[in-house]
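Just so it is clear, the values below take in all heavy atoms, side chains as well, and ignore hydrogens, waters and symmetry mates. Whatever order the structure lists ligands and atoms in, that order sets their numbers, starting from 1.
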Amino acid sequence: MSAAPRKRVAVLLSGRGSNMAALLDAAKDPAYPAEIAAVLSNRPDAGGLDTARAAGIEAVAIDHKLFASRAAHEAAVAAELTRIAPDIVCLAGYMRLLSQDFTDRFRGRMINIHPSLLPLFPGLHTHERVLAAGMRVHGCTVHFVTEVMDEGPIIAQAAIAVLPGDTPDALAARLIRAEHRLYAEALRLVASGRARMSGDRAVLSAPETQSGPGDILLASDAGRIVAL
Ligand code: GRF
């Protein structure tokens, strides 16, 4: 029996693109169910574009500053996505608000990674806010994208401990490692069809996640928690 064709993924980003690089890395495994077809950025100077090009991936800048309106820029991004024809769109540090037209177009096929345990701390500066709130755990979330920013059905979350003396930078540096693991696992679930959006919920079937050293906890389906 031949393997199912890999899902084509377009990644939208605005910055350094370390999550995108983690997805690229995961996709090096021929058994991984997704491949990165193209990377788009609203910022021509985004480091993620260079990383993608160096890996031989098509990398396109659509500079939002060159457009008269938010809607005109978004239309250009949408047109580019129509050309690329991805099965799945991954937002990876894409710092643009999306219209409902755009999110509807990719409903159930667009996912985002956010650096907090949603629904806590949507928006920016999550590490500072976690510390200010005196949280003992922090984490990251991959969710299906809906019209409300940083909302939408949760596919998977990873948690890390907040340690005494943590600064926002220290916390960010530890969390980003969890993000990379989480995003690769969550995209695996979506691309393989084991996570899908049904109404306002993400429905998951059992993952085949392997356990690792245990400093990161990943919860990606009903009640199952594994140590990464
Ligand atoms: C990550 O913290 C991600 O969770 C957030 O934006 C940041 C992007 O980092 N949405 P990178 O560009 O992937 O390194």
Side-chain angles (χ1 to χ4, degrees), residues 9-27 34 36 38-55 57 59-64 77 88-98 102-103 106 110-131 135 137-160 162 166-190 216-220 228:
V9 173
V11 181
L12 269 53
L13 53 76
S14 302
R16 72 187 157 173
S18 73
N19 276 291
M20 181 277 300
L23 299 182
L24 266 183
D25 213 41
I36 311 304
V39 173
L40 267 64
S41 175
N42 63 305
R43 296 188 56 115
D45 59 349
L49 290 174
D50 299 329
T51 306
R53 282 185 194 118
I57 306 292
V60 183
I62 304 179
D63 187 349
H64 64 276
V77 172
I88 298 168
V89 176
C90 288
L91 306 183
Y94 188 59
M95 305 298 282
R96 302 288 293 171
L97 293 173
L98 302 172
F102 193 89
T103 57
F106 296 103
M110 179 155 60
I111 62 178
N112 178 48
I113 185 154
H114 180 76
S116 80
L117 290 171
L118 291 172
L120 291 174
F121 309 110
L124 297 174
H125 309 301
T126 57
H127 314 302
E128 286 87 343
R129 290 157 62 206
V130 159
L131 289 173
M135 296 284 292
V137 290
H138 187 19
C140 47
T141 302
V142 176
H143 63 95
F144 286 111
V145 175
T146 60
E147 62 279 8
V148 186
M149 188 191 70
D150 298 334
E151 260 196 37
I154 292 170
I155 299 164
Q157 293 183 306
I160 63 168
V162 177
D166 259 341
T167 61
D169 284 352
L171 213 42
R174 282 208 313 288
L175 187 64
I176 199 78
R177 299 198 330 253
E179 290 188 35
H180 298 162
R181 300 289 301 269
L182 182 74
Y183 214 176
E185 289 304 322
L187 177 58
R188 183 199 300 277
L189 289 173
V190 174
I216 299 170
L217 288 179
L218 172 89
S220 64
L228 291 179

query: Quick one: CG on Leu117 to SG on Cys140, what's the gap to the nearest 0.5 Å?
result: 7.5 Å
Ser41 side chain to Ala61 backbone, donor-acceptor under 3.5 Å: no
Contact atoms of ligand 1, heavy-atom distance to Arg16 under 4.0 Å: 9 (O), 11 (P), 12 (O), 14 (O)
- prompt: Considering only heavy atoms of Glu179, which atoms of ligand 1 have at least one such atom less than 4.0 Å away?
  reply: 1 (C), 2 (O), 3 (C), 4 (O)
- prompt: In terms of residue, atom name and distance, what is the protein heavy atom nearest to atom 13 (O) of ligand 1?
  reply: Asn19 N, 2.8 Å
- request: Would you please determine whether Gly17 falls within less than 4.0 Å of ligand 1 on a heavy-atom basis?
  value: yes
task: Give a yes/no verdict on whether any heavy atom in Ile113 is under 4.0 Å from an atom of ligand 1.
output: yes
- request: Would you mind reporting whether Tyr94 and Leu40 have side-chain heavy atoms less than 4.5 Å apart?
  value: no
query: Just wondering, more than 12 heavy atoms not from Met95 lying within 6.0 Å of its CE?
result: no
query: Taking only heavy atoms of Ser18, which atoms of ligand 1 are found under 4.0 Å from at least one of them?
result: 11 (P), 12 (O), 13 (O), 14 (O)
task: Answer yes if the side chains of His127 and His138 hold a donor-acceptor pair under 3.5 Å, and no otherwise.
output: yes
query: For the atom pair CZ (Arg43) and NE2 (His64), what is the distance rounded to the nearest 0.5 Å?
result: 6.5 Å
Nearest-neighbour protein heavy atom for atom 7 (C) of ligand 1, which is reported as residue plus atom name and distance: Gly93 CA, 4.3 Å
